[in-house]
Every structure is written in C-alpha cells, then in structure tokens.
Amino acid sequence: DTEVTQTPKHLVMGMTNKKSLKCEQHMGHRAMYWYKQKAKKPPELMFVYSYEKLSINESVPSRFSPECPNSSLLNLHLHALQPEDSALYLCASSRLEGTEAFFGQGTRLTVV
Amino acid sequence: QKEVEQNSGPLSVPEGAIASLNCTYSDRGSQSFFWYRQYSGKSPELIMFIYSNGDKEDGRFTAQLNKASQYVSLLIRDSQPSDSATYLCAVNPNFGNEKLTFGTGTRLTIIP
C-alpha cells in the first residue's frame with residue numbers, strides 16, 4: 001500500500017479565512033513533505049519533516065504554517081492567503097530521507 | 001544552469017513504439033533519481049526510481065542511469081495512449097538531504 005491521503009480535495013477560501021490542509025500516511029514513512037504546484041510548472045518544495053521534526057523550510061511566508069502532530073499526520077495551516085497562493089498543494093512521504101517519495105492526490109486551493 | 005533539465009516537448013510517439021525521455025542534472029554528487037508521471041490536473045505518480053548506474057526494468061518501463069555523464073533516461077516500450085502525460089524527472093542531491101529537485105517535465109503524447 002503506497003497511499004497518502006489528503007483532505008480536502010478542493011478548497012475555496014477568502015483572504016481573511018483560516019483553514020487547514022491535512023495529510024495522512026500509514027506506511028511507516030519517517031519523512032513527510034509539502035509541495036506547491038502551479039499550472040504547467042513542476043512541484044516546488046515548501047517544507048520537509050523528518051522524524052516529526054521540521055528539517056527544511058524553503059523560505060515559505062509565515063501565512064503558511066506546517067505541523068506534524070505524529071508520524072502519520074501532517075497539517076498545513078493557512079491564514080491570510082493571497083490570490084497568488086492559489087495552486088495545487090501536494091503532500092508526499094518517503095521511507096527515509098532521499099528514498100522514493102509518494103504523493104497524495106493533492107488539494108486544489110483557490111483564494112478569492 | 002538549471003539543476004535538472006528536461007526537454008519540455010511535446011514529444012509525440014506512435015502507439016506501440018518506444019518513447020525515450022531524457023534528463024540531465026548538474027550536481028555530480030547526486031545519489032537518487034526518480035521518474036514521475038503526471039496526468040493533467042492530477043498529482044505526480046512515482047513510476048521508477050534508480051540509485052545505481054545501469055538499467056532498471058519494471059514492466060514496460062526501463063530507467064537508465066549514467067552518473068559519469070550525469071544523465072538519466074526513461075524508456076517506455078509498446079507505448080499506449082494511456083501513457084500520454086507529463087513525465088517529471090526528479091533528483092536528490094545526496095542521501096540525508098530530502099530536497100528533491102524536479103525538472104520542468106516532458107509532455108508525452110502517444111498517437112493512436
């Protein structure tokens with residue numbers, strides 16, 4: 001089983017809203033990732049958690065706040081987003097650092 | 001120089017033929033290499049990974065890695081219309097560094 005589950009699949013939020021994206025995996029993977037993907041572009045890394053600790057923050061604006069409550073869950077808290085933040089947000093996990101990563105189905109976010 | 005380069009295509013291949021996708025990378029110390037397939041509006045799906053020089057085969061797919069020349073390729077035999085997608089090459093600089101770097105992707109179209 002190589003399933004990474006993301007919820008919700010679609011999200012529309014206003015610029016003053018607070019929302020959260022959720023990601024779950026039960027493969028025992030110890031690295032989890034958030035990526036952002038704009039149309040016709042490759043995924044861009046946002047955050048990496050390794051063994052439930054934040055190991056990489058790619059200079060992401062503070063309106064995006066990641067959280068890793070346990071080894072199976074990863075959240076991305078959103079606050080005061082801008083329309084240009086509209087994108088496909090992808091969660092991924094891998095067994096260890098540098099090994100093959102599996103993506104969830106993504107959350108299509110629209111900021112209005 | 002981009003870290004991971006791919007020909008953006010589109011690459012058109014007749015059904016039943018071999019599709020050949022290429023990727024070059026700049027970091028000579030890179031250790032792990034991945035091919036993802038992404039259908040329009042969907043998330044990337046891992047189809048092959050390779051860590052050692054040489055060929056790795058899985059069904060109709062063969063990944064080829066040449067570290068001396070810093071390229072990795074993906075061959076798809078007996079191409080099917082369902083193979084039409086964007087193929088993303090991804091490279092990890094070294095084990096212990098989770099910063100997967102993606103190429104811009106090659107759009108492949110299989111012509112019936």
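Throughout, protein chains are lettered first and strands after them, A, B, ... in sequence-line order, and every chain is numbered starting at 1. Please read all numbers here as calculations on a predicted model, not as lab measurements. Worth knowing before you read on, the calculation uses all heavy atoms, side chains too, and leaves out hydrogens, waters and symmetry mates.
Crowding of A:Lys19 atom NZ: a count of heavy atoms from other residues, nucleotides or ligands under 6.0 Å not exceeding 12. For A:Lys18, the NZ atom is loosely surrounded, since the number of other residues' heavy atoms within 6.0 Å does not exceed 12. Heavy atoms of other residues, nucleotides or ligands lying less than 6.0 angstrom from CZ of B:Arg107 number 12 at most.
Residues from residues 71-87 of chain A never place a non-hydrogen atom less than 4.5 Å from a non-hydrogen atom of chain B.
Counting only N and O atoms by type, the side chains of A:Glu100 and B:Tyr51 include a donor and acceptor under 3.5 Å apart.
Of the atoms belonging to A:Gln37, it is side-chain heavy atoms, and not backbone ones, that fall under 4.5 Å from chain B. Interface remark: A:Ala101 contributes backbone and side-chain atoms alike to the contact with chain B (heavy atom separation under 4.5 Å). Proximity to chain A is limited to the side chain of B:Tyr36, based on heavy atoms less than 4.5 angstrom apart. For A:Gln6, no part lies under 4.5 angstrom from a heavy atom of chain B. Of the two parts of B:Glu45, neither the backbone nor the side chain holds a non-hydrogen atom closer than 4.5 Å to a non-hydrogen atom of chain A.
Side-chain heavy-atom separations under 4.5 angstrom define the hydrophobic clusters, and the remaining members of the one that includes A:Val12 are A:Val112.
A:Thr99 approaches B:Asn92 most closely through the heavy-atom pair N-ND2, 4.5 Å. Listed here is the closest heavy atom pair of B:Leu100 and A:Tyr35: CB-OH, 3.3 Å. Shortest non-hydrogen contact noted between A:Pro42 and B:Gly103 is CB-O, 3.2 Å. B:Ser43 and A:Gly104 get closest at one heavy-atom pair: OG-O, 2.8 Å.
Cluster membership check: B:Ile50 does not share its hydrophobic cluster with B:Tyr71, using side-chain heavy-atom separations under 4.5 Å among Ile, Leu, Val, Met, Phe, Trp and Tyr. B:Tyr39 and B:Leu46 are not part of a single hydrophobic cluster, where members link through side-chain heavy atoms under 4.5 Å apart. When hydrophobic clusters are built by joining Ile, Leu, Val, Met, Phe, Trp and Tyr residues whose side-chain heavy atoms come closer than 4.5 Å, directly or via intermediates, A:Met13 is grouped together with A:Met15. Hydrophobic cluster membership is shared by A:Leu90 and A:Met27, with clusters built from Ile, Leu, Val, Met, Phe, Trp and Tyr side chains linked at under 4.5 angstrom. Hydrophobic cluster membership is shared by B:Val72 and B:Phe61, with clusters built from Ile, Leu, Val, Met, Phe, Trp and Tyr side chains linked at under 4.5 angstrom.
Atom-to-atom distance recorded for A:Ser94:OG and B:Phe34:CZ is 8.0 Å, nearest 0.5 angstrom.
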